[in-house]
Amino acid sequence: MKPLLEVADLHVRIGTSHILQGVAFTVAPQGVTAVLGRNGAGKTTTLKAVLGLVPKTGTVRLDGQDITGLPTHLIIRRGLGYAPEDRNVFAGLTVTENLRLAERGRGPHRYDQVYEMFPELKQRGAQRAGTLSGGQQQMVAIGRTLLNDNRMLLVDEPTKGLAPRIVTEVADVLERASHDVPILLVEQNLALVRRIADHVVVIEQGSVVHTGDADSLLTDPELTRDLLGVA
C-alpha cells in the first residue's frame with residue numbers, strides 16, 4: 001500500500017541540541033503505527049516536527065503532497081488531528097467549549113461518536129476542564145481529535161499517568177478509532193502497543209534504529225530488551 005505519511009531525513013536542532021538526526025519512516029493508510037524508544041529519544045519531537053511545531057529540515061509528505069514548509073494551522077487543515085502529551089486543555093473553559101474550539105470548517109463534527117466513546121464528556125459538558133481528573137482531561141484531548149473528519153491522528157503518550165481502568169478505556173477508544181483513521185502513536189505502555197499496534201518505529205538518540213511489524217518486535221524478548229531496555 002502507498003504510505004499516507006512519509007518522513008525523510010528529518011533533522012531538528014533546538015539551541016545547541018541536535019535532537020532528530022535524519023529520522024525517516026512511513027505510516028500506512030490504515031491501522032496503528034507506534035513510535036517507541038527510551039525517554040529522551042526524540043519521539044515527541046518527531047510528532048511536533050511533522051506538525052510544524054518545531055523548526056526542522058528534511059521532508060514530510062502527506063498522501064504524496066509536500067507539507068514540510070507549511071505552518072501548523074495549514075497542516076492541521078490537511079486532516080491531521082493531534083492529542084499532545086500534556087493534553088493542553090483550556091482549564092478555564094467547559095468541556096463543551098473545549099470541544100467546540102476543536103471544530104474545523106463546516107464539519108461534519110462527530111459529537112455523537114465522541115459522546116458514544118466517552119459518555120462522561122457529555123455528562124460533564126458544563127464542567128470547567130481544569131477541574132477534571134487527568135484521565136478525564138485525556139478524554140477531552142482525544143475527543144477533540146475524533147470530532148473532525150481527519151485523515152490521520154497523532155497521539156502522544158495517551159496513557160501517561162493514568163489509572164489502569166482509564167488506560168483500558170483509552171486503549172478501547174484508540175483501537176476503535178483506528179478502524180476508521182490511521183494513528184501515529186507515541187506510547188511507553190508496551191501492553192497497549194502489543195494490543196493495538198500494527199507497525200513500530202523505534203527511535204534511539206534521535207535516529208530510527210528499527211522499523212517493522214509490531215508483533216515481530218514485541219514477541220522477541222531479546223530484541224525488545226536491546227532496543228527498548230525492557231523485557
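None of the values given here were measured: they were computed from a predicted structure.
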Straight-line distance of [X] [atom1] to [Y] [atom2], nearest 0.5 Å:
X: Thr26; Y: Lys2; atom1: OG1; atom2: NZ; value: 12.5 Å
X: Thr72; Y: Ile67; atom1: OG1; atom2: CD1; value: 10.0 Å
X: Gln127; Y: Leu121; atom1: CD; atom2: CG; value: 10.5 Å
X: Thr45; Y: Lys56; atom1: OG1; atom2: NZ; value: 12.5 Å
X: Thr145; Y: Leu153; atom1: OG1; atom2: CG; value: 4.5 Å

More than 12 heavy atoms from other groups under 6.0 Å of CD on Glu97: yes
Flag if over 12 foreign heavy atoms under 6.0 Å of CZ, Arg151: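 Buried by this count: over 12 neighbours within 6.0 Å.
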Sole residue of Leu217, Ile203, Leu36 in side chain to side chain contact (heavy atoms under 4.5 Å, CB included) with His210: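 Testing His210 for a side chain to side chain contact (heavy atoms under 4.5 Å, CB included) against Leu217, Ile203, Leu36 leaves exactly one candidate, Leu217.
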Leu20: which of Thr46, Asp9, Ile14 passes side chain to side chain contact (heavy atoms under 4.5 Å, CB included): Thr46
Any pair counted as ring pair (Phe, Tyr, Trp, His ring centres under 6.0 Å), so long as it reaches residues 9-42, sequence neighbours left out: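 Passing the test, one end in residues 9-42: His11-His18.
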Would you check if the side chain of [X] reaches a backbone N or O of [Y] as a donor-acceptor pair within less than 3.5 Å?
X: Lys122; Y: Glu116; result: no
X: Thr68; Y: Val60; result: yes
X: Asp149; Y: Pro108; result: no

Of the non-hydrogen atoms in [X] and [Y], which two are nearest, and what is the gap between them?
X: Leu99; Y: Gly143; value: CD2-C, 4.0 Å
X: Asn98; Y: Ala129; value: ND2-CB, 3.5 Å
X: Gly206; Y: Val23; value: O-CG2, 3.3 Å
X: Gln205; Y: Gln21; value: O-NE2, 3.7 Å
X: Ile196; Y: Ala171; value: CG2-O, 4.2 Å

Report yes if some heavy atom in the side chain of [X] is under 4.5 Å from a heavy atom in the side chain of [Y]; otherwise report no.
X: Val95; Y: Gln123; answer: no
X: Val173; Y: Leu146; answer: yes
X: Gln113; Y: Asp180; answer: yes
X: Leu223; Y: Ser216; answer: no

Parallel, tilted or perpendicular: rings of Tyr115 and Tyr111 (30°, 60°):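 Tilted, since the angle between the ring planes falls between 30° and 60°.
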Summary of salt bridge (charged side-chain N to carboxylate O under 4.0 Å, His left out) pairs that have at least one residue in residues 65-94, sequence neighbours excluded: Glu85-Lys160
Modelled atom types, side-chain donor and acceptor of Gln188 and Asn39, under 3.5 Å: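 Checked: Gln188/Asn39 side chains pair up, N/O donor to acceptor below 3.5 Å.
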Members besides Leu101 in its Ile/Leu/Val/Met/Phe/Trp/Tyr cluster (side-chain heavy atoms under 4.5 Å):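 In the cluster with Leu101 are Phe90, Leu93.
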